[in-house]
Amino acid sequence: MARKSIQENRTDWKNDTSSQSADNRADNLEAEEDKIQKENESIREMGQLALKENHYRHRIHLLSVIGEIEGHECLSSSTKTTKYEHVLPKLAEIADSDQVDGVLILLNTVGGDVESGLAIAEMIASLDKPTVSLVLGGSHSIGVPLAVSTDYSFIVPSGTMVIHPVRMSGTVIGAPSTYDYFKQMQDRILTFIATHSKAKTDRLEEMMMNTGMLTKDLGTILVGEQAVKEGLISEVGGIDKALGRLHHMIEKKRDC
């Protein structure tokens, strides 16, 4: 068989190269689509996302706490929930990762399981990375400790926070030991809030036992600037201020 000419060899090489380039482009496109699909799945299932397309080149983990915080008992499928068994492992992963520079927490929650909410708040407070929270809509009940657990906190002007006593379904406390347990749990919550904010314990308890605001319940509703004046939240602001503050905190930590 005659040997191929130099021109024919060049043509074969170009064809092979073009074929390899097309294959590489197809592989890259498939990998990108798979990445987008996984990110969408993470948002849908756990309300979490990695923010890394900023000009600072900071890697920020976005965690949202929405609906009701689900504890040891499963809530109905029609209820929007944040599951603590999803959040706690993710926070542990963030704490141990060198791929995360800071954490942004978005809050729009009615509260929920006290033990689980307090556990998440303690995990956030113990992270050795800059953390910022933003209250959108509302952060009620056990959502208050979550809002103050970060290094810095924001609330939008229309955002609300409801402070009320610890309670269970029903109106009767059947034994002194039950009351003591409630009081102990309430003191844990008050201590955590006072430790991680500028609010005073006496004032928090006063707002908690307020009978003049909620028609059928005890407690106090704070809207936007009121939460800042009471010392619970650092500043009124939206997502732009929250992200700006977090980037500033990350830069400051890197310079140390």
Side-chain angles (χ1 to χ4, degrees), residues 47-49 51 54-56 58-66 69 82 87 91 94 100-111 117-118 120-164 189-208 210 213 219-256:
Q48 301 183 26
L49 182 67
L51 306 177
N54 54 81
H55 71 274
Y56 295 97
H58 294 159
R59 294 158 299 187
I60 295 172
H61 187 85
L62 172 66
L63 170 67
S64 59
V65 179
I66 60 172
I69 299 167
T82 296
V87 178
L91 288 172
I94 290 169
V100 178
D101 299 314
V103 182
L104 174 64
I105 300 169
L106 302 182
L107 293 156
N108 189 9
T109 175
V110 296
L118 202 54
I120 295 172
E122 289 282 11
M123 282 281 282
I124 294 170
S126 63
L127 288 176
D128 188 25
K129 298 177 189 291
T131 55
V132 169
S133 63
L134 172 60
V135 176
L136 300 161
S139 188
H140 307 160
S141 190
I142 199 61
V144 177
L146 288 168
V148 306
S149 64
T150 54
D151 299 322
Y152 204 85
S153 56
F154 288 89
I155 186 170
V156 295
S158 62
T160 60
M161 303 183 79
V162 176
I163 302 171
H164 63 70
I189 295 170
L190 288 172
T191 300
F192 182 91
I193 296 173
T195 302
H196 294 88
S197 72
K198 296 179 180 179
K200 304 299 182 183
T201 303
D202 292 344
R203 176 58 180 155
L204 287 169
E205 194 160 8
E206 180 184 339
M207 289 190 290
M208 191 176 278
N210 181 21
M213 182 171 286
T220 299
I221 302 174
L222 300 174
V223 182
E225 185 64 39
Q226 292 176 320
V228 177
K229 289 180 179 179
E230 292 291 351
L232 285 171
I233 299 296
S234 306
E235 188 178 338
V236 172
I239 187 68
D240 57 336
K241 282 192 173 183
L243 280 170
R245 182 74 186 192
L246 186 54
H247 286 305
H248 173 74
M249 291 163 64
I250 294 170
E251 286 292 312
K252 189 175 180 180
K253 184 173 181 179
R254 284 183 174 179
D255 293 339
C256 292

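Numbers here are sequence positions counted from 1.
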Specify the closest pair of heavy atoms between [X] and [Y], including all atoms of both residues, with the distance to one decimal.
X: Gly137; Y: Val156; result: N-CG2, 4.3 Å
X: Ser141; Y: Gly111; result: CB-CA, 4.1 Å
X: Pro145; Y: Ile189; result: CG-CG2, 3.9 Å
X: Leu107; Y: Ala147; result: CD1-CA, 3.4 Å

From [X] [atom1] over to [Y] [atom2], what is the distance, rounded to the nearest 0.5 angstrom?
X: Leu62; Y: Leu134; atom1: CG; atom2: CG; value: 10.0 Å
X: Thr160; Y: Ile155; atom1: OG1; atom2: CD1; value: 7.0 Å
X: Ile120; Y: Met123; atom1: CD1; atom2: CE; value: 9.0 Å
X: Lys129; Y: Ile250; atom1: NZ; atom2: CD1; value: 9.5 Å
X: Met207; Y: Leu190; atom1: CE; atom2: CG; value: 9.5 Å
X: Ile233; Y: Gln226; atom1: CD1; atom2: CD; value: 12.5 Å

Student check: side-chain heavy atoms of [X] and [Y] closer than 4.5 Å:
X: Leu104; Y: Ile239; value: yes
X: Val87; Y: Ile69; value: no
X: Glu230; Y: Thr220; value: no
X: Ile60; Y: Leu243; value: yes
X: Phe192; Y: Val148; value: yes
X: His58; Y: Leu246; value: no
X: Val100; Y: Arg59; value: no
X: Val228; Y: Glu225; value: yes

Check side chain to side chain donor-acceptor pair (under 3.5 Å) between Ser149 and all other residues, then give those that pass, not counting sequence neighbours.
none

Do the side chains of Asp101 and Lys253 get close enough for a salt bridge, i.e. N-O under 4.0 angstrom?
no

Could you tell me whether Asp151 and Arg245 have a side-chain N and a carboxylate O separated by less than 4.0 Å?
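Result for this pair is no, no salt bridge flagged.
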
Heavy-atom donor-acceptor pair, Thr131 side chain to Thr150 backbone, under 3.5 Å:
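Checking the backbone N and O of Thr150 against the side chain of Thr131, no donor-acceptor pair under 3.5 Å is found.
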
Using modelled atom types only, decide if a donor and an acceptor are shared between the side chain of Ser64 and the backbone of Ile66 within a distance under 3.5 Å.
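Between the backbone of Ile66 and the side chain of Ser64 there is no qualifying donor-acceptor contact (under 3.5 Å).
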
Using the side-chain contact (heavy atoms from CB on, under 4.5 Å) rule, take Leu63 and Leu91 through it: C-alpha gap first, then chi angles, then the decisive distance, then the call.
CA-CA 9 Å; Leu63 170 67; Leu91 288 172; 4.1 Å; yes

Only pairs at least two apart or in different chains count here, so list each side chain to side chain donor-acceptor pair (under 3.5 Å) that has a residue in residues 231-241.
Tyr152-Glu235, Ser153-Ser234, Glu235-Lys241

Carefully, step by step, assess Val144 and Leu204 under the rule side-chain contact (heavy atoms from CB on, under 4.5 Å).
CA-CA 11 Å; Val144 177; Leu204 287 169; 6.0 Å; no

List the steps and the verdict of side-chain contact (heavy atoms from CB on, under 4.5 Å) for Ile124 and Ile105.
CA-CA 9 Å; Ile124 294 170; Ile105 300 169; 3.4 Å; yes

Assess whether side-chain contact (heavy atoms from CB on, under 4.5 Å) is satisfied between Ser133 and Leu146, documenting all intermediate values.
CA-CA 8 Å; Ser133 63; Leu146 288 168; over 6 Å; no

